[in-house]
Amino acid sequence: GHPGQNGGGVMMLDIRDLSVVFTDRGAPFTAVDRFSLRMDRGEIVGVVGESGSGKSMTAHALMGLIQRSQVTVSGSALFEGTDLLALSREELRQYQGRDLSIIFQEPMTSLNPTMRVGAQVEESLRIHGKLSRAERKARALEAMALAGLPEPEAVYRQWPHQLSGGMRQRAMIASALVLRPRLLIADEPTTALDVTIQAQILETLREINRREGAAILFISHDLGVVKALCSRVVVMKRGRIVESGPVDEVFYHPKEEYTRLLISSRPARKKLRGGGGDGSAHGAH
């Protein structure tokens with residue numbers, strides 16, 4: 001059916017005019033300017049743009065992760081009918097992890113080095129649930145397998161520093177999955193990883209979407225990665241949506257010059273930490 005027409009049910013996510021304005025630097029700075037997006041259950045939508053385009057800020061606003069003191073967040077974001085932007089910290093905590101979950105770019109900063117991997121994967125079960133220790137462990141191992149971690153039993157007992165970057169990213173995905181959320185927000189989850197592992201992580205996300213029916217809002221600077229995973233894409237520049245539509249249409253028939261530039265700059269985008277692409281032709285497919 002058409003978006004939002006699914007049997008009269010509420011669509012999953014309906015973001016209207018989401019704006020994020022920083023007021024702590026003298027003149028107000030608009031990081032996100034009237035961002036609107038509707039998502040159906042089980043849909044995979046990409047938000048693409050360079051750094052500073054407001055794409056991560058949009059995700060953080062939805063999850064209540066922006067320090068509210070120096071910032072004004074306005075607009076609405078209805079998640080199955082509840083406005084996330086109107087919830088208090090406490091109310092939002094009820095949603096976090098359980099209904100919607102976020103996967104960050106750099107697992108090393110998000111994983112606690114002093115806690116074994118298994119304990120971190122099941123942490124949200126401890127916060128939200130009334131499960132026994134054995135049940136928590138079973139759910140954690142299930143989520144770890146779903147996130148593509150080989151030998152979950154062994155990884156469960158390991159420390160974060162014992163895992164490779166790709167494995168740490170999978171552990172993060174597992175902790176995002178453990179409560180079986182209906183919406184996953186993936187904020188640049190493959191940026192720090194090499195191309196092969198990047199492809200595996202994308203396959204994992206696709207599989208989670210297929211098996212669990214979780215919708216995914218996928219945020220990236222790389223339109224090629226978005227094309228591999230998403231059905232629709234929103235292109236952002238300086239806080240605004242400049243173009244959106246089915247991913248193939250935007251990729252093959254971009255209306256905006258900015259989108260064309262994003263597409264043509266792809267081959268040089270094998271990001272080495274910190275730097276952008278250096279224009280050399282590695283990985284030019």
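Index from 1, following the sequence. Just so it is clear, the structure is predicted and the values come from calculations on it, not from any experiment.
Between the side chains of Ser220 and Asp222, no donor-acceptor pair of N or O atoms lies under 3.5 Å. Side chains of His60 and Asp187: a donor-acceptor N/O pair is present below 3.5 angstrom, by distance only. Using modelled atom types and a 3.5 Å distance limit, the side chains of Glu122 and Tyr156 yield a donor-acceptor pair. One side chain, Glu91 or Ser88, offers a donor N or O that lies under 3.5 Å from an acceptor on the other. Residues Ser124 and Arg98 bring no donor and acceptor atom of their side chains to less than 3.5 Å of each other. No hydrogens or angles considered: nothing links the side chains of Thr23 and Gln70 as a donor-acceptor pair under 3.5 Å.
Remark: side-chain polar atoms of Arg206 are paired, donor with acceptor, to backbone N or O of Ala228 under 3.5 angstrom. Ser101 contributes no side-chain N or O that, together with a main-chain N or O of Pro181, makes up a donor-acceptor pair within less than 3.5 Å. Not a single donor-acceptor pair under 3.5 Å links the side chain of Gln158 to the backbone N or O of Arg116. Counting only distance, with no hydrogens or angles, the side chain of Ser231 and the backbone of Ile44 share a donor-acceptor pair below 3.5 Å. Between the side chain of Lys55 and the backbone N or O of Gly49, at least one donor-acceptor pair lies under 3.5 Å. In this structure a side-chain-to-backbone donor-acceptor pair under 3.5 Å is present from Arg170 to Ala147. When atom types are taken as modelled, the side chain of Thr82 and the backbone of Leu78 share no donor-acceptor pair closer than 3.5 angstrom. Between the side chain of Gln169 and the backbone N or O of Thr190, no donor-acceptor pair lies under 3.5 Å.
Connection of Leu183 to Ile208 is established within a shared hydrophobic cluster, with ILVMFWY side chains joined at heavy-atom distances below 4.5 Å, either directly or through further cluster members.
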Below 3.5 Å, can you tabulate the donor-acceptor pairs from side chains in residues 28-36 to any protein atom, sequence neighbours excluded?
residue: Asp33; atom: OD2; partner: Arg240; partner atom: NE; Å: 2.6
residue: Asp33; atom: OD2; partner: Arg240; partner atom: NH2; Å: 2.9
residue: Ser36; atom: OG; partner: Asp17; partner atom: N; Å: 2.9

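Across every non-hydrogen atom of Arg38 and Asp14, the tightest pair is CG-OD1, 3.3 Å. Nearest heavy-atom pair across Met12 and Asp40 is CB-C, 3.9 Å. Across all non-hydrogen atoms, the minimal contact from Ser244 to Val250 is C-CG2, 4.0 Å.
Between Glu153 and Lys137 there is a salt bridge, with a side-chain nitrogen of the basic residue lying less than 4.0 Å from a carboxylate oxygen of the acidic one. Look at Glu50 and Lys237 and you find no salt bridge, because none of the NZ, NE, NH1 or NH2 atoms lies under 4.0 Å from a carboxylate O.
A distance of 9.0 Å separates CG of Leu229 from CD of Glu203, quoted to the nearest 0.5 Å.
By the neighbour-count criterion of 12 heavy atoms within 6.0 Å, atom CD of Glu257 is densely surrounded, having more than that number from other residues, nucleotides or ligands.
Partners of Arg232 according to the side-chain hydrogen bond (donor to acceptor under 3.5 Å, both in side chains) rule, which considers only residues two or more places apart in sequence or in another chain, are Glu43.
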